[in-house]
Participant: 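Sending over a structure as structure tokens; questions will come in a sec.
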Amino acid sequence: MYILVINAGSSSLKYQLFDMPLDKPLCTGLIERIGTNEAFIRHKILTVDPTQTIERQEAIADHSAGLQQMVELLSDAEIGLIHSADDIKAVGHRVVHGGERFANATLITPAVKETIKDLFPLAPLHNPINYQCIEIAEKTFPNARQIAVFDTAFHQTMPEYAFRYAIPESLYTDEGIRVYGFHGTSHKYVSEKAAAWLGKPDAKLISIHLGNGCSITAVQNGKSLDTSMGFSPLAGLVMGTRSGDIDPSVIFHLIAKGYSADAVNNLLNKQSGMQGLTGLNDMRDIRKALEAGNQAAALALDIYAYRIQKYIGSYAAVLNGLDALIFTAGVGENDSAMREQICANLDFLAVYLDSDKNRVATGDVREVNRSDSAVKILVIPTNEELEIAQQSFDLLETA
Ligand SMILES: Nc1ncnc2c1ncn2[C@@H]1O[C@H](COP(=O)(O)OP(=O)(O)O)[C@@H](O)[C@H]1O
Ligand SMILES: CC(=O)OP(=O)(O)O
Ligand SMILES: [Mg+2]
């Protein structure tokens, strides 16, 4: 059975076509830097030997234009993998915010779509795009089942003392104001890989997802205990364009200065984080700026790493111990210098990184700690698409 998975992040669109239940990827696609003139599409067909890759750089205005390119490549007369839209039996969608309603993969109905829409204000960089992808997929693959897998689902196991804010209870009961947490599909996938690698199902893990959005999660016994993003994906770590943690009074101060609520929202979601500190949001560009001697880039990287270290210390306390740190997603998997900087100041936990191992990229699970490190340091490529395909297939089998 062919299942297509669409993973729209804030700066990228990833997709994979799987033959299930074989877990066999037939093609993978990545579109990056959407909305810029340097947008880039890489479509890899895995069914031919050697793997055939189509790469091109062209302006891709938005996620909808990106999906259009995907559909053309998938159904191309020469290199396409499907003959008709009906070859695809299900489309699995990453949906970032599912509120408190969804702890599992869910068949998309008009009511589910309404809930996704109601949550637009809480995930403004994501849910509108996820919704748009669902509508395009419904039109393009009208006979396929559409399934949502929510970033929030994995974090539904958090204890109440971790997910509640210290504000009047009615704001939770009436308004749903609480910590939801995001990137759950990725944290689940890599923490399961880590537990298997360690041969320890009850491992105490800190999963560090560093993409354009960044979050960190404390995991024990395969369950999320706490996570850095909150009511929305704005809280926690410093991100590509998001501030992460900030004193809420800054918002009141700016509003008193004449900013509108919308302007502050836009400022904190789209013009802050690395973008606000350096004028650049892509870590590869920030690294280039650093090499060119840019002081703002150096300071921004220090702030980024320092925030992560603070959370590691805090989650080591939450877990009351630590078996492994996991680095994943675009920055976590590829930026060895950032891993080195983060691990440099964690001697008190006996976390010792091996600089040589850290520089070797394999594209697979790897251990980059020294042999005398009490804590394993694992680099684990995330695969949100495979996790979504598996959960979608399981749902269809049981539905
Ligand atoms: N080789 C690399 N070195 C440093 N950063 C990288 C590298 N490759 C990708 N990245 C960074 O990863 C980030 C995107 O990560 P990704 O997980 O794809 O994001 P998202 O899913 O949030 O769109 C970008 O900031 C990009 O610069
Ligand atoms: C939730 C979130 O921030 O996702 P992404 O990192 O893909 O933008
Ligand atoms: Mg992502």
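All ligand and atom numbering here is 1-based and tracks the order in the structure. Just so you know, residue 1 is the first one in the sequence shown, and it goes up from there.
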Participant: Could you list the donor-acceptor pairs under 3.5 angstrom formed by side chains in residues 30-39, with sequence neighbours left out?
Facilitator:
{"unit_1": "E32", "atom_1": "OE2", "unit_2": "R284", "atom_2": "NH2", "d": "3.3"}
{"unit_1": "R33", "atom_1": "NH1", "unit_2": "D285", "atom_2": "OD2", "d": "3.1"}
{"unit_1": "T36", "atom_1": "OG1", "unit_2": "R33", "atom_2": "O", "d": "2.8"}
{"unit_1": "T36", "atom_1": "OG1", "unit_2": "E38", "atom_2": "N", "d": "3.0"}
{"unit_1": "T36", "atom_1": "OG1", "unit_2": "A39", "atom_2": "N", "d": "3.4"}

Participant: Grouping I, L, V, M, F, W and Y whenever their side-chain heavy atoms are under 4.5 Å apart, do Y311 and M239 come out in a common cluster?
Facilitator: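 They do not share one cluster, since no chain of ILVMFWY contacts under 4.5 Å joins Y311 to M239.
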Participant: Within the structure provided, determine whether P25 and L17 are in side-chain contact (heavy-atom separation under 4.5 Å).
Facilitator: no
Participant: For D151, take its heavy atoms, then give the atoms of ligand 2 lying under 4.0 Å from any of them.
Facilitator: 1 (C)
Participant: Looking only at distance, does N212 have an N or O less than 3.5 Å from an N or O of ligand 2?
Facilitator: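 For ligand 2, there is no N or O atom that lies under 3.5 Å from one belonging to N212.
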Participant: By number and element, which atoms of ligand 2 are closer than 4.0 Å to a non-hydrogen atom of M229?
Facilitator: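 In order of number, 3 (O).
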Participant: Does F182, backbone or side chain, put an N or O under 3.5 Å from an N or O of ligand 2?
Facilitator: no
Participant: Are any of the N or O atoms of H126 closer than 3.5 Å to those of ligand 2?
Facilitator: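 The answer is yes, given that H126 and ligand 2 share an N or O pair closer than 3.5 Å.
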Participant: Once side chain to side chain contact (heavy atoms under 4.5 Å, CB included) is applied, do any residues pair with E138, and if so which ones, sequence neighbours excluded?
Facilitator: I108, K113, I134, E135, Q146
Participant: With a heavy-atom distance limit of 4.0 Å, tell me whether H97 approaches ligand 2 through its side chain, its backbone, both, or neither.
Facilitator: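 Answer for H97: neither.
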Participant: Quick check on the 6.0 Å ring-centre criterion: do F150 and H97 meet it?
Facilitator: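 They do not qualify: ring centres at least 6.0 Å apart.
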Participant: Other than L267, which residues form its hydrophobic cluster under the rule that side-chain heavy atoms must be closer than 4.5 Å?
Facilitator: L234, I246, V250, I251, L254, I255, Y259, V264, L268
Participant: Within the 4.0 Å heavy-atom shell around R242, which atoms of ligand 2 are there?
Facilitator: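 Those atoms are 2 (C), 3 (O), 8 (O).
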Participant: More than 12 heavy atoms of other residues, nucleotides or ligands under 6.0 Å from OH of Y161: is that the case?
Facilitator: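 12 or below, so no.
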Participant: Give a yes or no on whether a salt bridge exists between K188 and E387, defined as a side-chain N under 4.0 angstrom from a carboxylate O.
Facilitator: yes
Participant: For ligand 1, list the protein residues that place a heavy atom within a distance below 4.0 Å of one of its atoms, sorted by chain and number.
Facilitator: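 Only S11, S12, K14, G211, N212, G213, D282, M283, R284, A329, G330, V331, N334, D335 have heavy atoms that fall under 4.0 Å of ligand 1, ordered by chain and number.
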Participant: Hey, is K200 close enough to D323 for a salt bridge, meaning N to O under 4.0 Å?
Facilitator: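 Between D323 and K200 there is a salt bridge, with a charged N closer than 4.0 Å to a carboxylate O.
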Participant: Under 6.0 Å between the ring centres of F18 and F393?
Facilitator: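 No, ring centres 6.0 Å or more apart.
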Participant: Mark up the atoms of ligand 2 that fall under 4.0 Å of a heavy atom belonging to G213, in ascending order.
Facilitator: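 Listed by number with element, the hits are 3 (O), 6 (O), 8 (O).
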Participant: Hey, which atoms in ligand 2 end up nearer than 4.0 Å to a heavy atom of H183?
Facilitator: 1 (C), 2 (C), 3 (O), 4 (O), 5 (P), 6 (O)
Participant: Heavy atom under 4.0 Å from ligand 2: found in R94's side chain, backbone, both, or neither?
Facilitator: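 Only the side chain of R94 comes within reach of ligand 2.
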Participant: Within the 3.5 Å criterion, strictly below it, is a donor on R101 or T115 matched to an acceptor on the partner's side chain?
Facilitator: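 Their side chains do contain a donor-acceptor pair, which is all the 3.5 Å distance test asks for.
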